[in-house]
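Here the structure is laid out as structure tokens; the discussion comes afterwards.
Scope of the values below: all heavy atoms of this structure, side chains included, with no hydrogens, waters or symmetry mates. These numbers were taken from a predicted model, which means no experiment stands behind them. Here is the naming used below: chain letters follow the sequence lines, and residue numbers restart at 1 for every chain.
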Amino acid sequence: MSADASDLSLVRRVQRGDKGAFDALVLKYQHKLVKLVMRYVRNPAEAEDIAQEAFIKAYRALPQFRGDSAFYTWLYRIAINTAKNAVVSRDRSPIEYDLDRNSSDESYDMQGRMKDSETPEGLVLTDEIRSTVNAAIDALPEDLRTAIVLRELEGLSYEEIAAAMDCPVGTVRSRIFRAREAIDRRLREVFEGGLGRAEELG
Amino acid sequence: MNEELDSQLSAMFDDELPPAECELLARRLSRDEALKARWGRYAVMGAVIRVERGVRLNAALAGRVNVAISAEPALGNAVAPERMRRAALRWWQPVAGGALAAGVAAASVLWLHTQAPLTVAPLSARRPPTTAAAPVAVANLVPSGNNSYVTPLAPAVRPMLVPSTQLANYVVAHSMFSSPVARRNLLSSFITGEQTPAGTEAVMDEAKSNAQ
């Protein structure tokens, strides 16, 4: 089985004009990319901006992507270069003082520029997601928890997990799926409830 | 939701699904918003398990990228003309090659036509009334130091060419009397520009006398 086959099938769809397939790639790699960019910038909001720019650059460059390397490796390089360029240009650009702007405009602008994830409800939601996932993992049966942790934390392949847990590959696939299902049942409630709360607050 | 489908989605997320199944599921994933949301939650679980501190988990980034990409042109439009251009090139390459080969062949035939009468100059020289005309290469013998070779003072004048129809008639008329071998030799020498083989004329004379 070829590694990266799933990414490649999504990439091919994007190359044929299916933008929805690019959403799936963004959803899959957004957290990894932001974490990667945070090696260069400390501010999470700035890291998200750079990651967003990297995704857009990747989208525009996808016609040139031939699949010689894994998609994430290719995306990783784009993100690193974008982050380096952003740091260089930020260091060069002078600090801007807009003395003519009155305080009410400024507060309005700050609100407008504030990312959803930086708003108080966004931060609360992030913490809630973390605690929900951790609680759901703790509640998993031992074999399911081991399988999902070996996969997500250690990055082992199904074959390697099968060898480690002394069971068939099909069992590993089933265990990981059932672990995700159990976590997802709780997580879905948080997302749906969280979005509802955000709308009420908005 | 179909459990088998979700199981496939989980395997695809881990790059553990066979490519053929990936193709099918990728198509569904790009259209099915519920499936895409589940896919996104799988990514959130991974981020939490890997303890990615500082990373916000409420998918705001994906939404912003989605809005930005919506304003971009679909890639299929950019990729298609390039593919069409390549396909057109692929189609034209053999045609262009054939046309080039045909052109070279035509040029070769024309060149042979213009060169061939030169080789039969001696043949035409024996028919003064029809071929005579222009003087044949005027070469002045210039005494040189050792008299071992001659050099023309003026560039050689090209002899008057025998009209091709007359030449053809001549060949056809003689082919009636010549043996197939001699005819072949004559024609081949005509085409390749070789001098008429010495034996050919003898064979032709013999055939002519036999016919008379």
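- In this structure, the portion of B:Arg31 lying under 4.5 Å from any heavy atom of chain A is its side chain and not its backbone.
- Interface summary for chain B: among A:Leu33, A:Leu187, A:Asn134, A:Asp7, the most heavy-atom pairs under 4.5 angstrom belong to A:Leu187.
- A salt bridge links A:Glu152 and B:Arg50; the closest N-O separation between the charged side-chain nitrogens and carboxylate oxygens is under 4.0 Å.
- Of the two parts of A:Arg180, the backbone and the side chain both hold a non-hydrogen atom closer than 4.5 Å to a non-hydrogen atom of chain B.
- Listed options A:Arg60, A:Glu53, A:Lys32 were ranked by heavy-atom pairs under 4.5 angstrom with chain B; first place goes to A:Arg60.
- Heavy atoms of A:Asp18 lying under 4.5 Å from chain B belong exclusively to its side chain.
- By the 30° and 60° cut-offs, the orientation of the rings of A:Trp74 relative to A:Phe71 is tilted.
- With respect to chain B, the highest number of heavy-atom pairs below 4.5 Å among A:Ser174, A:Ala136, A:Ala47, A:Gly20 belongs to A:Gly20.
- Taking A:Ile137, A:Val169, A:Leu62, A:Val14 one by one and counting their heavy-atom pairs under 4.5 Å with chain B, the maximum is reached by A:Val14.
- With a 4.5 Å cut-off on non-hydrogen atoms, A:Arg188 touches chain B through its backbone and its side chain both.
- Heavy-atom pairs under 4.5 Å with chain A peak, among B:Glu21, B:Glu72, B:Glu33, B:Glu23, at B:Glu72.
- There is no side-chain donor-acceptor pair under 3.5 Å between B:Glu3 and B:Ser7.
- Taking the six-membered ring for Trp and thresholds of 30 and 60 degrees, A:Phe22 and A:Phe55 have ring planes more than 60 degrees apart, a perpendicular arrangement.
- Once rounded to the nearest 0.5 Å, the distance linking CD1 of A:Ile148 with OG of B:Ser10 reads 6.5 Å.
- A:Ala54 approaches A:Leu75 most closely through the heavy-atom pair O-CD1, 4.5 Å.
- The contact between A:Ser157 and chain B is made by backbone and side chain atoms together, counting heavy-atom distances below 4.5 Å.
- Residue B:Ala43 comes nearest to A:His31 through the heavy atom pair O-ND1, 3.7 Å, listed as atom of the first residue, atom of the second, then distance.
- When heavy atoms are compared at a cutoff of 4.5 Å, A:Lys28 approaches chain B by way of both its backbone and its side chain.
- Heavy-atom distances place the side chain of A:Glu181, and not its backbone, under 4.5 Å from chain B.
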Start with the C-alpha distance between A:Asp138 and A:Arg145, add both sets of side-chain angles, then the distance that settles salt bridge (charged side-chain N to carboxylate O under 4.0 Å, His left out), and finish with yes or no. CA-CA 8 Å; A:Asp138 288 342; A:Arg145 186 168 61 243; 5.6 Å; no
